[in-house]
Amino acid sequence: MPRQAQSRCKMVSERLICMTAPAPTLPKKPVVTRFAPSPTGYLHIGGGRTALFNWLYARGHGGTFLLRIEDTDRARSTPDATAAILRGLTWLGLDWDGDVVSQFQQKDRHADVARDMLARGSAYKCFCTQEEIESFRAAAEAEKRSTLFISPWRDADPATHPDTPFVIRMKAPRTGQTVIADAVQGTVTFQNDLLDDMVCLRSDGTPTYMLAVVVDDHDMGVTHVIRGDDHLNNAARQTMVYNAMGWDVPVWAHIPLIHGPDGKKLSKRHGALGVEDYQSMGYPAAGMRNYLSRLGWSHGDDEFFTSAQAMGWFELEDIGRAPARLDFKKLEHICGLHIAAGENAALLHEVQAYLVVSGQTALTDAQSDGLLRAMYCLKDRAKTFPELIDKAHFVLTSRPVQLDEAATKSLDMVSRSMLRELTPHLQTALWTREALEAIFTAFAAAHGVGFGILAAPLRAALAGRIVTPSVYDMMLVIGQTETISRIEDAAA
RNA sequence: GGUCCGUUCGUCUAUCGGUUAGGACACCAGGUUUUCAACCUGGGAAGAGGGGUUCAACUCCCCUACGGACUGCCA
């Protein structure tokens, strides 16, 4: 994928760097990004966007997009949740490279690194019990002191170590500051004396997230960590692990979270949270990708685009710093454009998948065939798949066509007799739009009525409803025989 | 409480010191029409507040307010 657009600013600054320091023109490391959800439920819509950004960036830069499941918390991780996440990503069309990595399976490696840090003197054994720490924190809070816990074992003589369970804590620097050069947030500075010695290895020998992410990201060769800005504070402590091990720190990009329509953090009461919920609501995946990518990222005034275009445009510096709200109206609008632009067979395929996941009965072969033939007059008007199916009712249904209340009402004595007079004209008609238009125009004129008067009972007869696509489109799609039969049914 | 991040129309956003602050969704009005949509035209609608810096600030700096994240042997 050629780089179509690049921040002008960045190009200028790179040029400047080259002029002042010609040396660092080392070959750029290929981009490696990853999405690392924890398997505690479904794929959250915010997680879906994080995955999307990682995917766009990797794919747009000829890089690699990896997937890792952060399942070190055994109590909260379930195989079902992992499966749900994979399903969500697959539906969104975000394909990852290589095998899915299980963080838990790397636990021995994590423990090795923890011991390595111990040997290097950048970590130490802490024998404090959780109860001790909890009571310390409770007391500190009550007295309004800092709850920052400094282990008494930090500089203890190993000879004094008791024979009790211990955790391995990072021996974090107590002075100076840690600077995060974030591609989205800019330069963020943390005072080291405000950061505690995080636990790297639990007393049961399992690694904590803080250690595991760093080790895995390093081992997997991740060059760009694009994740929610709820991790921004963590980045400082994680940097210390990189430094302790002498590893290259990745490029950080902490993106703002997505909020609900009311501006509050997205939660259950907002309804649809999982990516799969959006699939069951019948939004096309291409539209979801388009809409989600515009939440917090922009490329000038471009609103409607394909993922291929987004890949060519996507740069970290174009990501905003403020949280964005979910707007279903705009989502629908974008999705409508994607349905309209969709290829008929692909749309049919997606509609079928939608019916299955939303627990509805799939279309029969005959219905699929009908939908395919009707697609041309349907797809411009539907924003979602349920809407598309609703508008396709005339071709999905079969005789005898069920009439709804309004349709029954419009088929009164007068209009039924009009329909009876109409059928002979249709029997001999050439079945083209032009010929049909000529017939109906003449027929309406002969009866001294406008075409609208004629169209209403026709909609009722053909679709059983009075809100339908164009009557000409319906007749052309269902064909001459079926049209005449339906009109005769209604006129009887 | 502490640390960190954020704040342009109702919403998503453009703007990288000089613009009548632009676009899109939504909304309102009109047009088109074969119902509903779609479509076309037009309209209202924004720099949180206060201080600086500057010839000039939405843009840079500080303070306040509001919102958020983190502050775990969760991830």
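Below, read A as the first sequence line, B as the second, and so on, with proteins coming before strands; counting in each chain starts at 1.
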Output the rounded distance in Å from [atom1] ([X]) to [atom2] ([N]).
X        : N     : atom1 : atom2 : value
A:Lys383 : B:C36 : NZ    : C1'   : 11 Å
A:Glu141 : B:U71 : CD    : P     : 13 Å
A:His333 : B:U13 : NE2   : C1'   : 15 Å
A:Asp473 : B:U35 : CG    : C1'   : 13 Å
A:Arg237 : B:G72 : CZ    : P     : 7 Å
A:Arg465 : B:A37 : CZ    : P     : 15 Å
A:Leu211 : B:C73 : CG    : P     : 14 Å

For [X] and [Y], take the angle between the two ring planes, folded into 0 to 90°, and tell me which bin it lands in: parallel under 30, tilted 30 to 60, perpendicular over 60.
X        : Y        : value
A:Trp313 : A:Phe305 : perpendicular
A:His338 : A:Phe304 : perpendicular
A:Tyr209 : A:His231 : tilted
A:Tyr283 : A:Phe328 : tilted

What protein N or O atoms touch nucleotides 8-12 of chain B N or O atoms at under 3.5 angstrom, if any, and at what distances?
unit_1	atom_1	unit_2	atom_2	d
B:C12	OP1	A:Arg325	N	3.1
B:C12	O2'	A:Arg294	O	3.1
B:C12	O2	A:Lys330	NZ	3.2

Please report the distance separating the [atom1] of [N] from the corresponding atom of [M], rounded so that it comes out in whole Å.
N     : M     : atom1 : result
B:U8  : B:G47 : P     : 10 Å
B:A21 : B:C55 : P     : 23 Å
B:C25 : B:C39 : P     : 8 Å
B:C9  : B:G22 : P     : 14 Å
B:G31 : B:C12 : C1'   : 29 Å
B:C58 : B:C74 : C1'   : 40 Å
B:G68 : B:U11 : P     : 15 Å
B:A26 : B:U41 : P     : 15 Å

I want to check one thing: is the phosphate of [N], taken as OP1 and OP2, less than 4.0 Å away from some side-chain N or O of [X]?
X        : N     : result
A:Thr72  : B:A75 : yes
A:Arg137 : B:G72 : yes
A:Arg169 : B:C73 : yes
A:Ser146 : B:G2  : no
A:Arg202 : B:A75 : yes

Can you tell me whether the side chain of [X] and the base of [N] have a donor-acceptor pair closer than 3.5 Å?
X        : N     : value
A:Arg321 : B:C5  : no
A:Ser470 : B:U34 : yes
A:Thr208 : B:C73 : no

### Query
Do the side chain of A:Glu132 and the main chain of A:Thr129 share a donor and acceptor less than 3.5 angstrom apart?
yes
### Message
I'd like to check A:Ile180 versus A:Val249 (side-chain heavy atoms, cut-off strictly below 4.5 Å). Are they in contact?
### Response
no
### Summary
Assert: residue with more 5' nearest nucleotide on RNA chain B, out of A:Leu331 and A:Asp196, is A:Leu331
### From B:A37, B:U34, B:C4, nucleotide with atom closest to A:Asn233 side chain
B:C4
### Query
In terms of side-chain geometry, is the basic nitrogen of A:Asp71 or A:Arg74 positioned less than 4.0 Å from the acidic oxygen of its partner?
yes
## Note on the structure
The residue among A:His110, A:Arg115, A:Arg109 that forms side chain to side chain donor-acceptor pair (under 3.5 Å) with A:Asp112 is A:Arg115
### Message
Mind checking if A:Val199 touches a base, just sugar-phosphate, or nothing, with heavy atoms under 4.0 Å?
### Response
sugar-phosphate
